[in-house]
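A short write-up of the structure that comes next.
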Amino acid sequence: MKTCLGIELGSTRIKAVSIDESFQPVSSGDYTWASRYENGIWTYPLEEVWTGLKSALSRMEHREDIAAMGVSAMMHGYLAFDKDWNLLTPFRTWQNTITGPAAAELTELFGFNIPQRWSIAHLYQAVLNGEEHVTQIAHITTLAGYVHYMLTGVNAVGIGEASGMFPIDSAALDYDAGMMAKFNQLPKTKDFPWKLQDLLPKVLTAGETAGALTEQGSALLADLLPSGIPFAPPEGDAGTGMTATNAVAPRTGNVSAGTSIFSMVVLEQPLKKVYEEIDLVTTPAGAPVAMVHCNNCTNDTNAWVNVLGETARLFGANPTPDELYTKLYEKSLEGDPDCGGILVCNYLAGEGVTHMDAGRPMVSRTPESRFTLANFFKAQLYATISTLKIGMDFLAEENVAIDSLTGHGGLFKTPLVGQRYLAAACNAPVTCMSTAGEGGPYGMALLAAYTLENTRNESLEGFLKNRVFAGVSGSTIQPDTALTEGFNAYIQQYKALLKVERTAVETL
């Protein structure tokens with residue numbers, strides 16, 4: 001049996017998924033890890049990358065049958081290396097909101113939104129800060145790009161991942177040359193011993209071969225995989241999410257909801273305005289995409305589920321995590337459409353869309369609110385989507401057409417619940433497929449399969465539509481009018497709550 005392997009280093013898990021020749025998952029393994037807040041920076045130690053990869057791969061079957069593979073990871077962030085690939089400063093993840101001045105200056109310079117988590121914002125902020133390591137930089141890359149280089153010796157990233165490092169010219173399928181020239185001529189960068197184009201990894205598009213597993217790479221994986229396996233271009237979790245949900249065609253979109261939540265909508269035409277709340281990135285094939293990325297999604301809900309589970313155990317009950325989540329999600333459906341006056345802000349980290357540099361999770365209600373378990377937990381789930389809705393409403397104002405949204409990730413594991421709320425928030429039909437739980441690593445495995453079989457001159461869109469997802473089962477929820485109206489009422493109060501959140505960040 002010929003298989004393709006997708007690896008994804010996500011925010012909470014390192015996961016590997018292999019698929020067979022009919023594109024169905026046949027084996028998986030994972031490893032749990034977590035970011036650390038050290039010296040004011042959200043980071044992960046790179047040593048744990050290799051511990052986690054070996055652990056995940058060791059749990060898999062059919063490792064000897066892998067015909068192609070690829071690596072994906074949490075998008076963007078900042079990894080800076082010297083000429084010998086020694087790490088110059090700890091990995092700065094997408095969670096950090098420490099590049100505000102750089103992002104603002106570059107957005108104005110380019111006339112193009114540069115979010116705080118993008119690699120170029122981190123690099124320029126390090127320049128503005130006068131950080132010592134900047135003069136020594138020879139390479140900057142992302143987590144996916146780093147792991148790919150260590151395994152293959154090829155310093156390249158897929159175009160979707162590259163579009164979160166520096167703006168992309170979708171016609172040229174490469175970094176935007178005009179913006180790069182502007183960056184190189186900035187007063188604070190023009191005298192450095194490097195030019196930006198020399199630091200960034202090469203851009204590759206879906207279907208291209210991006211090297212093969214070397215003997216050194218195999219040794220890093222404790223020889224769990226044989227050398228010689230061809231690789232697809234490494235992608236970020238945004239690109240693999242689009243692939244895993246068959247959302248790479250214009251007027252389609254997907255929402256990935258786990259530790260963070262983000263939507264990707266493939267555009268028919270450029271947006272009329274520059275929005276700080278919306279990133280312009282690309283599909284793995286290079287088509288333009290509007291992205292709304294929010295740092296906070298299910299972490300605060302997970303904390304409340306743990307507390308409620310602890311409460312249950314006080315009375316002798318011992319529900320499993322799956323039982324807890326399922327019961328609480330389903331209970332929320334009994335709540336009022338506007339959550340009965342209960343409001344939740346789920347910010348554990350800062351939030352770019354609403355311009356918060358830190359988070360203080362809170363529950364708020366007025367004396368006349370209807371404080372029931374159903375309303376409380378519905379407010380929890382609304383909170384996971386509320387910041388996303390604020391960003392998506394800008395796309396609605398631009399009359400961006402969305403024929404379908406596909407949901408994947410932990411928020412959608414309980415059937416129909418998160419799906420129903422997302423449909424109400426975005427006022428669009430939401431589909432969840434049977435493979436939605438596999439998420440990014442499944443999407444990366446599909447990109448590896450596309451690389452392996454890209455001798456047919458078939459577009460990625462055609463490959464997914466006609467060969468992978470033809471006949472795949474799924475459920476589609478249409479927006480419910482009462483729920484949509486309730487969510488719209490809730491979001492107005494949520495925006496008011498953000499003023500309280502801002503005060504909490506400043507004073508607590």
Side-chain angles (χ1 to χ4, degrees), residues 1-10 13-31 53-72 148 151-152 158 206-213 218 221 223-235 237 239-248 254 284-285 406 408-409 412-413 431-475:
M1 177 176 64
K2 182 173 67 175
T3 65
C4 290
L5 172 65
I7 294 170
E8 186 155 285
L9 295 94
R13 286 194 302 168
I14 297 173
K15 188 174 182 182
V17 170
S18 63
I19 58 174
D20 61 17
E21 293 172 351
S22 61
F23 313 111
Q24 295 302 305
V26 291
S27 182
S28 66
D30 66 355
Y31 171 86
L53 285 174
K54 287 182 285 189
S55 178
L57 290 170
S58 69
R59 291 170 163 82
M60 295 192 67
E61 302 173 352
H62 311 297
R63 291 198 306 269
E64 68 282 357
D65 301 321
I66 296 167
M69 64 182 291
V71 175
S72 173
H148 181 87
L151 295 179
T152 67
E208 294 188 77
T209 300
L213 184 63
S218 179
L221 301 175
D223 297 316
L224 289 165
L225 299 177
S227 61
I229 300 172
F231 270 67
E235 269 295 348
D237 48 6
T240 57
M242 281 186 277
T243 305
T245 55
N246 190 24
V248 299
N254 81 95
T406 305
H408 64 113
F412 304 105
K413 280 191 174 181
T431 299
C432 285
M433 292 183 285
S434 57
T435 51
E438 299 295 347
Y442 173 66
M444 192 66 243
L446 292 176
L447 289 171
Y450 180 59
T451 295
L452 187 67
E453 301 189 21
N454 195 28
T455 55
R456 305 172 181 232
N457 294 319
E458 188 175 26
S459 69
L460 177 62
E461 180 183 337
F463 170 74
L464 295 175
K465 179 181 178 181
N466 301 322
R467 300 183 57 202
V468 176
F469 291 104
V472 170
S473 61
S475 64

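Quantities reported herein were computed from a predicted structural model and do not represent experimental measurements.
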What's the separation between atom [atom1] in [X] and atom [atom2] in [Y], rounded to the nearest 0.5 Å?
{"X": "L221", "Y": "S227", "atom1": "CG", "atom2": "OG", "value": "11.0 Å"}
{"X": "L9", "Y": "D237", "atom1": "CG", "atom2": "CG", "value": "10.5 Å"}
{"X": "M433", "Y": "H408", "atom1": "CE", "atom2": "NE2", "value": "9.0 Å"}
{"X": "R467", "Y": "S22", "atom1": "CZ", "atom2": "OG", "value": "11.5 Å"}
{"X": "S27", "Y": "I19", "atom1": "OG", "atom2": "CD1", "value": "12.5 Å"}
{"X": "L213", "Y": "L151", "atom1": "CG", "atom2": "CG", "value": "6.0 Å"}

[X] side chain to [Y] main-chain N or O, any donor-acceptor pair under 3.5 Å?
{"X": "Y442", "Y": "T245", "answer": "no"}
{"X": "S72", "Y": "E235", "answer": "yes"}
{"X": "T240", "Y": "G443", "answer": "no"}

Please report the closest heavy-atom contact between [X] and [Y], naming both atoms and the distance.
{"X": "R59", "Y": "G29", "value": "CB-CA, 3.9 Å"}
{"X": "L446", "Y": "F469", "value": "CD1-CZ, 4.0 Å"}
{"X": "G462", "Y": "S459", "value": "N-OG, 2.9 Å"}
{"X": "G70", "Y": "F231", "value": "CA-CD2, 4.2 Å"}
{"X": "P233", "Y": "E208", "value": "CD-O, 3.0 Å"}
{"X": "M69", "Y": "I229", "value": "CG-CG2, 3.6 Å"}

> Among all residues two or more places apart in sequence or in another chain, which pass the side-chain contact (heavy atoms from CB on, under 4.5 Å) test with A206?
Replying inline: P284, L447, Y450, L460
I'd like to check [X] versus [Y] (side-chain heavy atoms, cut-off strictly below 4.5 Å). Are they in contact?
{"X": "N246", "Y": "T406", "answer": "no"}
{"X": "I14", "Y": "L53", "answer": "yes"}
{"X": "R63", "Y": "L224", "answer": "yes"}
{"X": "P441", "Y": "I7", "answer": "no"}

> Could E8 and R13 be called an ion pair, given the rule that one side-chain N must be under 4.0 Å from one carboxylate O?
Replying inline: no
> For T243 and M444, what are the C-alpha separation, side-chain angles and deciding distance, and is it a side chain to side chain contact (heavy atoms under 4.5 Å, CB included)?
Replying inline: CA-CA 8 Å; T243 305; M444 192 66 243; over 6 Å; no
> What residues, two or more places apart in sequence or in another chain, satisfy side-chain hydrogen bond (donor to acceptor under 3.5 Å, both in side chains) together with D223?
Replying inline: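 Checked D223 against side-chain hydrogen bond (donor to acceptor under 3.5 Å, both in side chains); matches are S218.
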> With sequence neighbours left out, what residues match S475 under side-chain hydrogen bond (donor to acceptor under 3.5 Å, both in side chains)?
Replying inline: Q419
>> side chain to side chain contact (heavy atoms under 4.5 Å, CB included), that's the test. Do L5 and T3 meet it? Break it down for me.
In response: CA-CA 7 Å; L5 172 65; T3 65; 5.9 Å; no
